[in-house]
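Each chain gets a letter, A, B and so on, in the order the sequences are listed, and its residues count up from 1. Atoms considered below: every heavy atom in the structure, side chains included; atoms not considered: hydrogens, waters and symmetry mates.
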There are 2 protein chains.
Amino acid sequence: MIPRQKGVAVWRQIADRIRAQIAAGAYDATGRVPPETALAEEFGVNRHTVRAALSALSQEGIVRAVQGSGTLIERRDRFDFPIGRRTRFTEGIGTQARDIKGVLLSSCEEVVTTDLAERLDLPSGARVLRLDALRTADGRALSRSTTWFPAERFAGIDEAFRKTQSITRALALLGVADYLRAVTEISAIHAEPDDVADLGLAPGAIVLVTKALNTDLAGLPIQYAITRFPADRVQFTIRNA
Amino acid sequence: MIPRQKGVAVWRQIADRIRAQIAAGAYDATGRVPPETALAEEFGVNRHTVRAALSALSQEGIVRAVQGSGTLIERRDRFDFPIGRRTRFTEGIGTQARDIKGVLLSSCEEVVTTDLAERLDLPSGARVLRLDALRTADGRALSRSTTWFPAERFAGIDEAFRKTQSITRALALLGVADYLRAVTEISAIHAEPDDVADLGLAPGAIVLVTKALNTDLAGLPIQYAITRFPADRVQFTIRNA
DNA sequence: ACGAATTTGTCCGTATGTATG
DNA sequence: ACATACATACGGACAAATTCG
């Protein structure tokens with residue numbers, strides 16, 4: 001059932017599949033995972049291997065085992081993040097969580113790279129403000145973003161973000177009442193050491209990476225952002241209404 | 001450097017990172033990967049472990065080691081797949097590959113599930129045609145899709161697809177000259193055994209999953225598709241022009 | 001209240017895979 | 001190629017907690 005190639009432990013592969021099953025609502029009827037013996041038979045492995053998988057999920061807070069009773073599902077949430085012409089992080093996720101926080105990890109001014117200069121339509125040598133932020137929803141890390149603004153036009157955006165905890169509200173403070181999403185690139189990679197630390201992931205976990213360009217209403221680029229999401233907590237929806 | 005947590009072998013984590021570096025063009029200047037000793041130092045592991053990683057990449061055909069010379073990069077391509085109101089698979093990928101094939105793996109008629117009935121706006125108990133297809137570009141698997149059409153309106157779409165190797169051209173044969181992408185959901189998961197077999201992936205690899213609804217010009221749903229892409233060969237771009 | 005069945009928790013041992021030097 | 005240490009996976013046996021007739 002489970003392929004025995006090398007490099008990825010069988011218990012991890014099984015953990016990934018059970019997590020996906022839970023997220024898909026496969027066990028909603030009972031609110032619990034099937035017994036270890038049943039899972040062992042389903043995946044064609046020893047019960048100990050299933051136990052290793054469930055132990056990992058238990059560490060993640062997804063399930064909780066009760067001796068004699070079974071393994072209960074603690075949570076099965078995957079946030080949906082809509083992407084469209086007027087994409088806003090906080091608004092998009094807003095109805096799905098109560099307590100959304102944006103923490104500014106660091107900010108600095110730097111000279112644009114050639115790649116970034118092209119995207120933001122800046123002359124080479126121009127200066128940009130770089131903001132590193134972590135967003136959490138109900139206490140769980142939801143994204144880790146690095147954002148660049150043209151330094152001249154958006155001086156003070158770091159303080160504005162620190163106060164408002166939101167890019168949208170920070171931009172509003174600086175006189176940008178509205179802005180538009182021009183392009184979004186989406187890819188997926190394995191978690192890197194930074195992701196493991198910042199987003200609280202297991203190595204081998206999946207990170208969804210978006211690279212987004214926002215413009216003002218005149219079409220002038222105002223912001224370029226690279227954001228990393230834990231794939232087991234997030235999905236994207238593109239609506240062409 | 002590399003975290004020694006459990007479940008994923010270090011050599012596989014390193015292979016994933018080198019593959020990502022190659023895809024990002026990090027080594028384009030020399031056309032080769034740094035020497036094994038340099039990589040070993042960079043990742044803080046023994047040279048044997050780096051050799052295991054490079055051996056895996058060599059198996060995938062991404063690099064080729066030459067004794068006395070170094071480890072050459074054989075290919076570094078990641079297809080970009082644009083998503084918009086008029087999303088077309090073949091057109092979108094068309095300029096990036098010469099030889100695009102769509103193979104019909106199987107087709108059958110089935111009764112809609114409640115979930116699918118809602119998405120396609122069909123009465124419960126209605127019948128749908130299901131097409132399973134594998135798409136390849138230049139001989140490499142690019143996607144594995146399952147597509148559902150209302151059976152009544154699209155009788156014969158399986159034959160049309162088999163002939164034309166394209167959903168767009170198959171729909172044209174059945175009188176649908178144009179159609180629109182209404183919604184696209186994007187998520188990422190670890191490869192399942194089917195993905196390993198169909199897409200030629202390693203277990204532990206990442207699969208990008210899209211769930212897409214297409215409508216005709218009148219807004220009537222004509223097609224719902226779930227497509228799985230190997231994440232190391234594909235990225236998505238959403239343009240809001 | 002009791003016992004049987006079910007289910008998770010823990011211990012033993014053994015073979016293979018992974019990583020280092 | 002060799003040696004060493006640890007992680008992974010299996011198999012079996014039994015204990016401990018819960019459920020149910």
Got a sec, which residues hit side-chain hydrogen bond (donor to acceptor under 3.5 Å, both in side chains) with [X], two or more places apart in sequence or on another chain?
{"X": "B:T237", "result": "B:D80"}
{"X": "A:Y224", "result": "A:R119"}
{"X": "A:E74", "result": "A:R64"}

Residues 124-135 of chain B side chain polar contacts: donor-acceptor under 3.5 Å, at least two apart:
residue, atom, partner, partner atom, Å
B:R127, NE, B:E109, OE2, 2.7
B:R130, NE, B:D132, OD2, 3.0
B:R130, NH2, B:D132, OD2, 3.3
B:D132, OD1, B:R144, NH1, 3.4
B:D132, OD1, B:T146, OG1, 2.7
B:D132, OD2, B:S106, OG, 3.2

Are any protein N/O atoms closer than 3.5 Å to N/O atoms in nucleotides 7-11 of chain C? If there are, list each pair with its distance.
residue, atom, partner, partner atom, Å
C:dT7, O2, A:G68, N, 3.3
C:dT8, OP1, A:T71, OG1, 3.4
C:dT8, OP2, A:E36, N, 2.9
C:dT8, O4', A:G68, N, 3.4
C:dG9, OP2, A:R51, NH1, 3.1
C:dG9, O4', A:Q67, NE2, 3.3
C:dG9, O6, A:R47, NH2, 2.6

Please report, rounded to the nearest Å, how far the [atom2] atom of [N] is from the [atom1] atom of [X].
{"X": "A:L39", "N": "C:dT6", "atom1": "CG", "atom2": "C1'", "answer": "15 Å"}
{"X": "A:R12", "N": "D:dA9", "atom1": "CZ", "atom2": "C1'", "answer": "16 Å"}
{"X": "A:L72", "N": "D:dA17", "atom1": "CG", "atom2": "P", "answer": "17 Å"}
{"X": "A:I14", "N": "D:dT8", "atom1": "CD1", "atom2": "P", "answer": "13 Å"}
{"X": "B:Q13", "N": "C:dT18", "atom1": "CD", "atom2": "P", "answer": "13 Å"}
{"X": "A:E41", "N": "C:dT6", "atom1": "CD", "atom2": "P", "answer": "14 Å"}

| message | Surrounding CD of B:E110 (heavy atoms of other residues, nucleotides or ligands, distance under 6.0 Å), is the total greater than 12? | response | yes

| field | With sequence neighbours excluded, residues passing side chain to side chain contact (heavy atoms under 4.5 Å, CB included) with B:T87 | value |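 In terms of side chain to side chain contact (heavy atoms under 4.5 Å, CB included), with neighbours along the sequence ignored, B:T87 is linked to B:F81, B:I83, B:R181.
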
| field | Watson-Crick or G-U counterpart of C:dT18, or none if no pair lies under 3.5 Å | value | D:dA5

| request: Would you kindly compare A:A52 and A:R32 by the position of their nearest DNA chain D nucleotide and give the one closer to the 5′ end? | output: A:A52

| message | If the cut-off is 4.0 Å, is B:N46 near the phosphate of C:dG21, judged by side-chain N/O to OP1 or OP2? | response | yes

